[in-house]
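All figures in this text were calculated on a predicted structure; none of them were measured in a lab.
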Amino acid sequence: MIRRRGPIAAAAAALSVFLVMAGGVVSAPSAESTPTRAGLDAQFVATHNAPPQYPNVFIEWDVPITMSDGTVLKANVYHPADATGQPIQEPTPTVVNLTPYTKLVANLADSALAIPGFGDPLMHVLRDLDFSAFGMSGLSDLMRALPGGAARTFGVDRKLIQSGYTQVVVDVRGTGFSQGVWQVFGHREQQDGAEVVDWAASQPWSNGRIGMSGISYSAVNQLHTAERRPAALQALFPVVPGSDLIRDVAAPGGALGIGFIPEWLLAVNATKLLPDVVSMLSGRFDWTWLADRIRDPFTFFNVVIAALATPSIDQIPPEMLSVLDDESPLRTAWVGHPERIQVPTFIYGGWHDIFTYSSPRVYNAIDLPDSEKKLVMGDTYHITTGAGLGLPGAPPSLDVLQRAWFDKWLKGIDNGIDGYDQVTSWQQGGGWSDSPSFPRPGMEYRRLYLNAAPSGTAPTAAGDGSLTAAPGGPARLTIAPGLATLCSRDAAHGTAGIIAALDICAEDARISEVNALTFTTAPVDRPTQISGPLAVHLNTVLDTTDGYWTVTLNDVAPDGRSTVWTTGQRTASLRAVDEAASTRSPNGDYTDPYPILTLASREPVVPGQPTVLDIGLFATDGVLQPGHRLRIDIFASNFPSSVPLRPLLNESGLRPQHLVLDPNEPSWVNIPVEGDPSW
């Protein structure tokens with residue numbers, strides 16, 4: 001039942017749009033948690049909810065920060081303030097947030113939450129909203145992202161400031177009120193991050209110990225800045241960070257992430273054109289800002305238009321070629337190096353977030369002691385980041401964890417966060433669970449073969465096959481591109497969680513499976529854990545020189561419900577794999593076949609000839625309950641999440657695609673599984 005709260009609920013809905021870059025569908029949390037985490041969580045919450053050390057916040061507006069190339073960035077600086085509203089004189093640790101969404105948005109959200117008697121009651125209301133009776137539990141999760149900590153970690157964390165921190169929120173170069181041309185994570189923008197940290201450390205109100213916070217873009221900036229190792233940077237709290245932006249979201253599998261990228265670019269380019277009205281009225285208008293916006297009003301849209309409109313390979317324009325060249329400055333800037341990070345880092349990610357590929361990879365790449373790196377993975381999409389946190393059995397909200405992390409590493413308070421569980425994960429099919437590592441200990445990779453023998457579990461699918469421990473007989477199966485994926489978890493994932501509002505699409509794959517070949521195991525007879533990255537090996541045939549394949553891994557319940565745990569995709573002509581960056585299991589099969597995704601490595605398919613594709617799926621963590629089955633779905637498209645680049649789409653002709661099941665050249669999935677499953 002929906003609990004109606006009139007204007008407060010309406011304000012909650014309005015506030016949620018500020019988090020368009022934040023983080024999934026959250027099931028009822030399990031009560032499982034280790035005594036260590038449960039005790040620490042209660043301690044962190046008590047500290048967070050204690051009376052503030054300082055009663056007020058003082059804001060310095062549009063403080064100029066001049067970069068080494070002369071470009072001026074603008075920042076709002078939030079200071080702890082005394083009872084008279086004046087900033088305290090004692091230097092404090094400082095937390096930096098670099099945002100492309102204008103610090104104006106962050107300030108509006110903070111101002112709404114700071115209204116006396118509004119912020120905390122609003123959070124309680126949002127936690128209680130329940131639209132599940134209307135088949136829209138995903139909408140409830142969107143509301144619950146705010147009390148899950150997304151409201152405060154997105155921009156300004158007033159409680160953090162009142163506990164003795166200064167917070168600096170900076171408009172990224174070329175966005176908000178900052179000068180320059182928006183670089184979209186370019187090398188110069190990354191240098192800006194290091195220079196802002198140095199600037200903050202040198203200010204009289206700072207004690208020289210700098211942390212960084214923020215969601216999504218701001219989380220990516222944290223990683224980029226830390227990789228440059230500014231001396232004053234002491235701690236990171238990245239929420240849904242990306243580190244391999246082409247493979248994360250821009251062109252997963254070599255197709256344009258059309259469900260997210262164009263809409264996101266429109267939002268940032270629109271907000272960067274909002275003028276500083278106060279400076280206009282006071283006669284201090286920044287004419288350099290205006291000249292920079294006129295010079296580049298719609299950053300990167302030319303590349304998106306070229307990707308969707310260029311009819312053939314030989315007509316690809318230079319701006320698009322830079323995206324298809326892994327040695328171009330653009331591409332090298334978009335591939336992070338988290339192994340260079342040397343400061344304590346607490347990562348929050350989501351199993352259905354647009355940056356799912358990166359979050360566990362970044363955690364594993366950071367070469368620090370266990371006490372200095374932590375990972376929490378929720379069952380969340382991008383715009384529902386943090387949903388479910390703070391509920392019984394779950395970790396506390398993001399702002400509570402952030403406070404504890406910074407108290408330890410910026411203030412030196414021995415609060416126990418360094419002894420927090422290494423990995424805290426929403427285990428799909430189960431609930432919240434702790435682990436000393438990701439993947440979980442005890443996983444062994446095993447092949448399951450795609451078999452044409454009917455499983456009898458997918459009567460409405462385009463094809464009903466089996467997943468078996470040995471190859472089956474020869475068969476040729478055909479699947480055509482279709483539009484059923486409009487209502488799918490892939491669509492929800494690719495649109496940052498918008499479609500997840502409809503349970504019928506995000507919670508059950510049977511609608512989208514109308515356009516899928518399905519392969520399903522026998523039911524398991526005991527709880528069976530699956531944890532880690534995985535890959536499929538497909539023997540395919542196309543009638544044209546190109547095509548597109550999408551694969552999902554699903555949990556099939558006894559009642560037939562098919563729930564997607566993870567997904568992967570690949571353009572057939574971009575099937576080349578970078579062996580040096582790929583990983584394999586002890587059995588020699590890929591676990592993460594790292595795609596090269598360049599024009600130079602493209603190999604057009606020979607029509608009618610068998611072509612092998614290795615497709616990586618995002619890492620996952622789940623448990624099949626007794627009576628449940630594992631399923632692989634195979635599609636010939638993935639609209640609206642991704643669309644092949646127009647030249648490659650034209651070559652495919654959207655023709656049907658074929659899967660050849662041959663016991664001598666089998667197709668399989670390489671699964672990280674615990675023990676010896678009964679399938």
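- The closest donor-acceptor contact from the side chain of K373 to the backbone of Y363 lies under 3.5 Å.
- Using a 4.5 Å cut-off on side-chain heavy atoms (C-beta onward), Q569 and S642 make contact.
- In this structure, F154 and Y101 have parallel ring planes: the angle between them is below the 30° cut-off, well short of the 60° mark.
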Could you go through the side chain to side chain donor-acceptor pair (under 3.5 Å) check for D503 and S137 one step at a time? CA-CA 6 Å; D503 294 349; S137 62; 2.7 Å; yes
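- In this structure, the side chains of S213 and Q402 come closer than 4.5 Å at one or more pairs of heavy atoms.
- Within the 4.5 Å cutoff, no side-chain heavy atoms of R403 are placed close to those of F44.
- Exactly one of R152, R158, K103 qualifies for a salt bridge (Lys or Arg N to Asp or Glu O under 4.0 Å) with D110. That residue is R158.
- A heavy-atom distance below 4.5 Å is found between the side chains of P672 and I530.
- For the residue pair S562 / N554, a side-chain donor-acceptor distance below 3.5 Å is found, with atom types taken as modelled.
- Closest approach of G164 and P93 over heavy atoms only: O-CD, 3.5 Å.
- Relative orientation of the Y420 and F346 rings is tilted, given thresholds of 30° and 60° on the angle between their planes.
- In plain terms, the two heavy atoms of F185 and Q190 that are nearest each other are O-NE2, 2.9 Å.
- Considering only heavy atoms from C-beta on, L410 comes within 4.5 Å of V95 through its side chain.
- Considering only heavy atoms from C-beta on, H352 stays 4.5 Å or farther from T380 through its side chain.
- In this structure, F406 and Y165 have tilted ring planes: the angle between them lies in the 30° to 60° band.
- L553 has its side chain out of reach of V564: every pair of non-hydrogen atoms, C-beta onward, lies at least 4.5 Å apart.
- Under a 3.5 Å cut-off, the side chain of E227 and the backbone N or O of H337 do form a donor-acceptor pair.
- Put simply, the side chain of S531 never gets that close to the backbone of P439: no donor and acceptor are under 3.5 Å apart.
- Classification of the W432-W426 ring pair by plane angle, with boundaries at 30° and 60°, yields perpendicular.
- Each of L40, L389, D41 was scored for a side-chain contact (heavy atoms from CB on, under 4.5 Å) with P396, with one residue passing: D41.
- Residue W351 is tested with F438, W565, F618 for a ring pair (Phe, Tyr, Trp, His ring centres under 6.0 Å); the sole match is F438.
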